[in-house]
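One-based numbering, in listed order, for ligands and for the atoms of each.
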Amino acid sequence: MSDIETVAEILSRSKRTAVLTGAGISAESGIPTFRGLGGLWNGRDPMSLATPEAFASDPATVWEFYRFRRDLVARSEPNPGHFALAELGRRYSSNFTLITQNVDRLHQRAGSVDVLELHGNLFDVRCTGCRQTFDRDGVELPPLPRCDDCGALLRPAVVWFGESLPQDVWQRAERAVEQADALLVVGTSALVYPAAGLVLTAAEHGCPVIEINLETTALSQFVDHALLGKSGEILPQLLASLPA
Ligand code: BJW
Ligand code: ZN
């Protein structure tokens with residue numbers, strides 16, 4: 001049996017499947033990852049901009065970075081990896097949970113529903129004054145957008161370092177992983193917590209963990225099966241190996 005067939009067997013037996021994705025799944029859509037080669041956005045290091053401190057000291061630069069990313073993502077399309085996960089979700093429907101660290105919404109554009117966005121998304125904004133969240137998808141933003149209600153600065157509704165994840169989303173993700181019979185971990189370096197901790201939670205519960213990545217990661221030692229390669233190639237192969 002090939003590695004893919006072994007993993008397909010695990011998935012076909014699984015009653016509850018969870019998936020955790022990271023930036024690597026969108027790399028084949030032309031969206032740079034955060035770390036490693038090519039992990040620079042428009043010449044900038046994303047890690048120095050993904051903090052509340054960076055926003056407080058230079059909101060115009062941080063907004064320029066996020067406007068650039070909103071535009072890039074709007075011009076990009078989901079790839080076969082996103083579509084394969086959407087199809088997997090349709091097959092398993094209520095027994096399938098897709099958890100993503102990505103803020104690009106490409107899973108939803110590929111047809112996935114009920115996606116748990118651990119780190120928010122690029123298209124909502126939040127007021128730094130009255131804390132309301134507004135949908136600004138498809139809207140051209142000025143260099144320093146302000147709240148229509150209270151006039152305070154708006155910020156991207158993403159989760160920066162040192163900030164808490166949305167509690168309801170996090171609790172649903174934890175529960176899904178605790179109850180899962182299989183966890184697929186796709187395209188993440190598994191360096192950022194608490195998201196990476198979901199892999200350890202699954203392993204502690206005896207849940208088979210399958211990693212799909214170009215390379216080994218910080219948590220590869222805890223996974224049961226590592227499929228090395230592009231998620232846009234491996235996920236469709238995996239889908240094709242499942243009984244219809
Ligand atoms: C492919 C591929 C292909 C490429 N096919 N694969 C020490 C220990 C533990 C924790 C901490 C610590 N010190 C500080 C912390 C906490 C901190 C943290 O984890 N830091 C670590 C870096 C050490 N975490 C936090 O602060 C979190 N909050 C928190 O803990 O709250 C509690 C708290 C409250 C108050 C004070 C302190 C704590 C929040 C984390 C928020 C992360 N936010 C970002 C930015 C989001 C907005 C934005 O997008 O701009 O989220 S950072 C960035 O990293 C982004 C990503 O979602 C996240 C993960 O990155 P990801 O997805 O793994 O991407 P890469 O680039 O790292 O990896 C890509 C992978 O794809 C690679 O492996 C490639 O090989 C692979 N690949 N092409 C398959 N075709
Ligand atoms: Zn406001």
Side-chain angles (χ1 to χ4, degrees), residues 20-42 44-55 62-63 65-70 72-73 79-82 84-85 99-105 116-134 145-167 169-170 184-200 211-220 226-236:
L20 171 67
T21 65
I25 194 166
S26 296
E28 290 158 77
S29 294
I31 301 177
T33 58
F34 288 90
R35 297 167 186 83
L37 277 181
L40 281 182
W41 293 77
N42 209 14
R44 297 180 191 285
D45 171 10
M47 292 308 110
S48 67
L49 295 167
T51 67
E53 293 76 19
F55 187 72
V62 174
W63 259 121
F65 170 62
Y66 280 93
R67 280 208 319 274
F68 167 80
R69 290 176 57 191
R70 282 164 56 98
L72 178 67
V73 167
N79 66 57
H82 296 107
L85 287 181
I99 306 161
T100 189
Q101 300 168 82
N102 298 345
V103 296
D104 56 30
R105 291 227 154 138
L116 298 181
E117 295 177 321
L118 294 180
H119 294 160
N121 69 75
L122 289 172
F123 306 102
D124 290 339
V125 297
R126 192 165 69 243
C127 177
T128 57
C130 66
R131 310 271 163 202
Q132 290 182 87
T133 299
F134 305 101
R146 292 199 168 268
C147 177
D148 290 338
D149 287 354
C150 76
L153 210 52
L154 296 171
R155 56 163 281 178
V158 298
V159 180
W160 285 323
F161 283 115
E163 295 184 319
S164 298
L165 276 56
Q167 278 314 293
V169 176
W170 174 248
L184 277 179
V185 184
V186 186
T188 176
S189 58
L191 289 169
V192 173
Y193 285 79
L198 293 171
V199 180
L200 301 173
E211 181 174 63
I212 300 175
N213 201 303
L214 286 181
E215 55 192 29
T216 55
T217 70
L219 295 185
S220 294
L227 301 178
L228 286 178
K230 293 183 174 179
S231 49
E233 294 172 2
I234 293 178
L235 284 168

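For atom 7 (C) of ligand 1, no protein heavy-atom neighbour is found at a distance under 4.0 Å. The nearest protein heavy atom to atom 15 (C) of ligand 1 is not closer than 4.0 Å. For atom 11 (C) of ligand 1, the protein comes within 4.0 Å by no heavy atom at all. Within a 4.0 Å radius of atom 70 (C) of ligand 1, the protein has at least one heavy atom.
Under a 4.0 Å criterion applied to the non-hydrogen atoms of A27, ligand 1 contributes the atoms 78 (N). For ligand 1, the atoms lying closer than 4.0 Å to a non-hydrogen atom of V103 are 49 (O). In the vicinity of W160, heavy-atom distances shorter than 4.0 Å reach the ligand 1 atoms 39 (C), 41 (C). Atoms of ligand 1 lying under 4.0 Å from any heavy atom of R69, numbered from 1 in the order shown and given with element: 48 (C), 49 (O), 50 (O). Counting atoms of ligand 1 from 1 in the listed order, those under 4.0 Å from a heavy atom of E215 are 75 (O). Listed by number with element, the atoms of ligand 1 under 4.0 Å from a non-hydrogen atom of G187 are 6 (N), 69 (C), 70 (C), 71 (O).
Residue, atom and distance of the protein heavy atom nearest to atom 64 (O) of ligand 1 are A23 CB, 3.5 Å. Here the protein heavy atom with the shortest distance to atom 78 (N) of ligand 1 is L214 CD1, 3.4 Å. Considering only non-hydrogen protein atoms, atom 23 (C) of ligand 1 sits nearest to L191 O, 4.1 Å. Annotation: atom 56 (C) of ligand 1 to nearest protein heavy atom, F34 CE1, 3.6 Å. Closest to atom 59 (C) of ligand 1, if we only count protein heavy atoms, is Q101 OE1, 3.3 Å. Atom 60 (O) of ligand 1 has as its closest protein heavy atom R35 NH1, 3.1 Å. Atom 73 (O) of ligand 1 has its closest protein heavy atom at N213 ND2, 3.0 Å. Ranking the protein heavy atoms by distance from atom 25 (C) of ligand 1 puts Y193 O, 3.5 Å first.
Listed for the N79 side chain is a donor-acceptor partner under 3.5 Å among the backbone atoms of I25. Under the 3.5 Å distance criterion, the side-chain polar atoms of R126 are left unmatched by any main-chain donor or acceptor of T133. The closest donor-acceptor contact from the side chain of N102 to the backbone of D104 lies at 3.5 Å or more, if one exists at all. Remark: side-chain polar atoms of T51 are paired, donor with acceptor, to backbone N or O of A54 under 3.5 angstrom. A distance-only check finds a donor-acceptor pair linking the side chain of T128 to the backbone of L153 [under 3.5 Å]. Put simply, the side chain of E28 never gets that close to the backbone of S26: no donor and acceptor are under 3.5 Å apart.
Counting heavy atoms closer than 4.0 Å to ligand 1, residue V192 contributes atoms from both its backbone and its side chain. By the criterion of a heavy-atom distance under 4.0 Å, the side chain of H119, and not its backbone, is placed next to ligand 1. For E28, every heavy-atom contact with ligand 1 shorter than 4.0 Å involves the side chain, none the backbone. Contact annotation: for E163 versus ligand 1, heavy atoms closer than 4.0 Å belong to the backbone alone. Heavy atoms from both the backbone and the side chain of S231 come within less than 4.0 Å of ligand 1.
Counting heavy atoms from C-beta outward, V158 and H119 have side chains that stay 4.5 Å or more apart. Using a 4.5 Å heavy-atom cutoff, the side chains of V199 and E211 are not in contact. No side-chain heavy atom of V73 sits less than 4.5 Å from a side-chain heavy atom of S29. For the pair L165 and P194, the minimum side-chain heavy-atom distance is below 4.5 Å. Two residues are said to be in side-chain contact when any heavy atoms from C-beta on lie closer than 4.5 Å; R105 and L122 fail this criterion. Using a 4.5 Å heavy-atom threshold, the side chains of P156 and R69 count as separate.
Taking any N or O of S189, backbone or side chain, at least one lies under 3.5 Å from an N or O belonging to ligand 1. Inclusion of G22 in the set of residues having an N or O under 3.5 Å from an N or O of ligand 1 is not warranted. Ligand 1 has no N or O atom lying under 3.5 Å from any N or O atom of K230, backbone or side chain.
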inquiry  = Evaluate W170 against L198 for side-chain contact (heavy atoms from CB on, under 4.5 Å), listing each step before the verdict.
reply    = CA-CA 10 Å; W170 174 248; L198 293 171; 3.7 Å; yes
request  = Starting from the C-alpha separation in whole Å, work towards a yes-or-no answer on side-chain contact (heavy atoms from CB on, under 4.5 Å) for T188 and T217.
outcome  = CA-CA 8 Å; T188 176; T217 70; over 6 Å; no
task = Please report the C-alpha distance between V125 and Y66 in whole Å, then the side-chain angles of each, then the deciding distance to 0.1 Å, and finally whether the side-chain contact (heavy atoms from CB on, under 4.5 Å) criterion is met.
result = CA-CA 11 Å; V125 297; Y66 280 93; over 6 Å; no
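Taking the six-membered ring where tryptophan is involved, the planes of F55 and W160 are tilted, since the angle between them lies from 30° to 60°.
The SG atom of C147 sits 11.5 Å away from atom CZ of R131, with the distance rounded to the nearest 0.5 Å.
Taking all atoms of both residues into account, the shortest heavy-atom contact from Y193 to L191 is CD1-O, 3.6 Å. Across every non-hydrogen atom of A196 and L219, the tightest pair is O-CD1, 3.3 Å.
Here the Zn ion (ligand 2) is the vertex; the SG atom in C130 and the SG atom in C127 give an angle of 110° (to 10°). The angle that C150 SG and C147 SG make at the Zn ion (ligand 2), rounded to 10°, works out to 110°.
In this structure, of V186, V159, V158, the residue bringing a heavy atom nearest to atom 45 (C) of ligand 1 is V159. In the candidate list N102, L118, T21, T188, T188 is nearest to atom 63 (O) of ligand 1, counting heavy atoms. When the heavy atoms of G162, G81, A50, S220 are ranked by distance to atom 34 (C) of ligand 1, first place goes to G162. Selection from A157, G24, S26, P32 by nearest heavy atom to atom 2 (C) of ligand 1 gives G24. Compare W170, Y66, F65, F161 by their heavy atoms: the one nearest to atom 52 (S) of ligand 1 is in F161.
Heavy atoms of G229 come nearer than 4.0 angstrom to ligand 1 in at least one pair.
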